[in-house]
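Values reported hereafter were calculated over all heavy atoms of this structure, with side chains retained and with hydrogens, waters and symmetry mates removed. Letters A, B, ... are given to chains in the order of the sequence lines, protein chains preceding strands, and every chain is numbered from 1.
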Amino acid sequence: MAEENEQQPNQLPAQPTAANPERKTLDDRAKMTELERIRHSCAHVMATAILRLWPDAQFAAGPPVENGFYYDVDLKHRISPEDFEKIEAEMKKEIKANNVFEKIVVTREQAMKDSESGRLGGLAERPGNVSKFKIGNLEAIPEGEPISYFKNGDFIDLCAGPHVMRTGNIGAFKLTSVAAAYYKGDERGPQLQRIYGTAFKNKTALDEYFKMLEEAKRRDHRKIGAEMGLFAIDTEFVGPGMPLWLPKGTVLVEELEKLAKETEFAAGYVRVRTPHLAREKMYQTSGHLPYYADSMFPPIELQEREASDKIKKLEEQSSQAEQRFAEVVAKGDSKEEFFKGQDFMQQQHRLKKEIEELRKAEGLTPERYYLKAMNCPHHHRIFAAEPHSYRDLPLRLAEYGTCYRYEQSGELFGLMRVRSLNMNDAHIYCTEEQFADEFRAVNDMYLKYFKIFGLEKYQMRFSTHAAEGLGKKYVNEPELWKKTEDMVRKVLIESGINYVEVANEAAFYGPKIDVQVWSAIGREFTIATNQVDFAVPAKFGLTYRDKDNSNKTPLCIHRAPLGTHERFIGFLIEHYAGNFPLWLAPDQVRVITLNDDEALINYAKPIVAELRANMVRVDADFSATPFKAKISNAEQLRVHTMLVIGGRDMEAGAVSVRLHHGGPQGAKPKAEVVADILAGIKERRA
RNA sequence: GCCAAUGUAGCUCAGUGGUAGAGCAACGGUUUCGUAAACCGUAGGUCGUCGGUUCAAUCCCGACCAUUGGCUCCA
């Protein structure tokens, strides 16, 4: 299904994610590296160990993954990290035994029989404990493909291999975590326990891996964000997933917006602004509600229309009945009073029911407003606000729009996955003839940005629809799908962009191209997106007047090359490990005097003033604090450029430059230094 | 939302069934120094929240909230 282009060396190969293990072909398996074989074998050893401790365990799938391996197990006992030591001890025994991984080719009938007896994925036959997941795996093997077992010691597993020769070939391993996972990744299916581990050729490589993880933690955007005072997430008062940008983080936000505004202005975009809310009708019309409602915050409901006199009258009667009932209850407890009370109660009940029915009949359902989860419908209404001629097209509407998405609680992740987000959004309305050029221009813009940020490790992913999703996941326009997908593919091929094509991942309104990047800890994210929309403009009745005086529906390109501030900045923090280039650095320059000598301060002050007058983010440390400490403070803040001033500099009309992480650069004439700083910012030097 | 782990001062972390400590940061003072951390002192905590067990809970138990690692989902 995934059709792969040639990979550039700087791009990662497309990999099935842990979530969606594509069934490997025998060809793929033959290509498994030695490390992957070690890890796959280690998964078998782990299963062996788990069975010795809990013989009734049922195993599903246990492949090698990017940094190790896992095995999904169904087991009554909840495996927790406390159990790891026990399991690892059993694993060590199995490795020490140095059992051979023996391949046994069998018939489908034999495999089915061994599944039913519980033998597969077990140490022995387990009557009454059918290897149910192995049956599922067996059924997934195409007719004609050979069926094999791998056996180490008593453990026999349905497995196509390949493995290492002996369990003793597994050099070093460690169990790392336990998680819930659905069988075959299907939410509706049974939930299994997924035990993760990792394995390497030897202990040194294993230690190196954990050292690397520690390194990665150090550049985690959540850690650096706190250290540098970039953002805060106040879950108690603001809410989870809704970051607050602190002053220094706001610098990053505004620098990115500045970059986007300049770039988009040059590319012929116009800017618009839209509210954060819209009526329910907006999302009914756009078609988002049926596809997207789960990801949106629940609506704000307003009672806008007034009820009819008839309802008002009934409501009055109802409240009177309620009052009388209360009076009766308060008065006494005679039989007569009791029945009277019953009457009022029944009366009220009847009235309420009648009122409810009337409200429904009169269409008095409350008016609903939704927080916008995307900007496109608003932009569509901007298009609709004025009549358009083919001469106006392409019309490129840009906005850093604020959106709100109700992401599931377990999905939130620092700045990378949030509930309030600012999107580098724009919608390009164009004719079919203009489409290819516009689409290409958008791709060029991506590449321009990536160059500025030195972004080298990314993957372009072209997501197309799947026929079986038409009318459900995707708008039911089979011909339009084909046509637009062909157009996009053509542009991609023509512009020589390397990409991976993935079926059944498109937006509901059209195919898209996502740019995937990886966070410091290896998690994958879409950093930018570019989508074609051939469906929604028509739903809003958007048209332009063409040359032949007919009304036509424009195509729409959604694009967000800088993604969202939240994710993009989260990514940049990790990309630069907090050591931002001068133009982005929240603290660009700090002027530091050797001591608090008045002459030095008087020499330094005009330099600070000149830089500030040129919009440089500069501050000064003229304090009596020991000089080395002043340097250290500035380094810890990650101030990009430190201008150090002592007596020698003053006499020479110079300043000594020190760069964060770059060390002392020596003394230079102050005018030269100032000019260089200003140029570096203006050029957005790396 | 699901599974698991975690939650002690602004940060990094100790700690105990008898109502809490260290380093850094902050604040006050001393210190006058050429490229990553001077010295002394002060202040700072309902030990995530709520409930339970107990004479007594930060510690044991439960629920909830949040974060983290995964799953599902996604910019």
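Qualifying side chain to side chain contact (heavy atoms under 4.5 Å, CB included) partners for Ser656(A), counting only residues two or more places apart in sequence or in other chains: Val644(A), Asp649(A), Ala667(A). For Ala634(A), the side chain to side chain contact (heavy atoms under 4.5 Å, CB included) partners are Arg590(A), Ile592(A), Val639(A), Met642(A), not counting sequence neighbours. Here Ser463(A) pairs with Arg461(A), Glu505(A), Lys512(A), Asp514(A) under the side chain to side chain contact (heavy atoms under 4.5 Å, CB included) rule; sequence neighbours left out. Shown here are the ring-ring contact (aromatic ring centres under 6.0 Å, His included) partners of Tyr400(A), two or more places apart in sequence or in another chain: His565(A). Checked against side-chain hydrogen bond (donor to acceptor under 3.5 Å, both in side chains), Glu672(A) has no partners two or more places apart in sequence or in another chain. Checked against side-chain hydrogen bond (donor to acceptor under 3.5 Å, both in side chains), Ser623(A) has the following partners two or more places apart in sequence or in another chain: Asp621(A), Thr625(A).
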Between protein and nucleic acid, restricted to nucleotides 47-49 of chain B and to nitrogen or oxygen atoms under 3.5 Å apart, what atom pairs and distances do you find?
none

For nucleotides 25-32 of chain B, list the nitrogen or oxygen atoms of the protein found under 3.5 Å from its nitrogen or oxygen atoms, one pair per line.
residue, atom, partner, partner atom, Å
U32(B), O2, Asp596(A), OD1, 3.2
U32(B), N3, Asp596(A), OD1, 2.4
U32(B), O4, Asp596(A), OD1, 3.2
U32(B), O4, Asp596(A), OD2, 2.9

Any protein N or O atoms within reach of nucleotides 3-5 of chain B? Criterion: under 3.5 Å, listing atom names and distances.
residue, atom, partner, partner atom, Å
C3(B), O2, Ala180(A), N, 3.4

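Within the structure, salt bridge (Lys or Arg N to Asp or Glu O under 4.0 Å) contacts touching residues 226-249 of chain A (residues at least two apart or in different chains) are Lys223(A)-Glu227(A), Glu227(A)-Arg638(A), Lys248(A)-Asp587(A). Residue pairs satisfying the salt bridge (Lys or Arg N to Asp or Glu O under 4.0 Å) criterion with at least one member in residues 650-670 of chain A, sequence neighbours excluded, are listed as follows: Glu635(A)-Arg658(A).
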Problem - Base-pair map of RNA chain B as dot-bracket, where | denotes pairing with a different strand and pairs are Watson-Crick or G-U under 3.5 Å - result: (((((((..((((....[..)))).(((((.......))))).....(((((..]....))))))))))))....
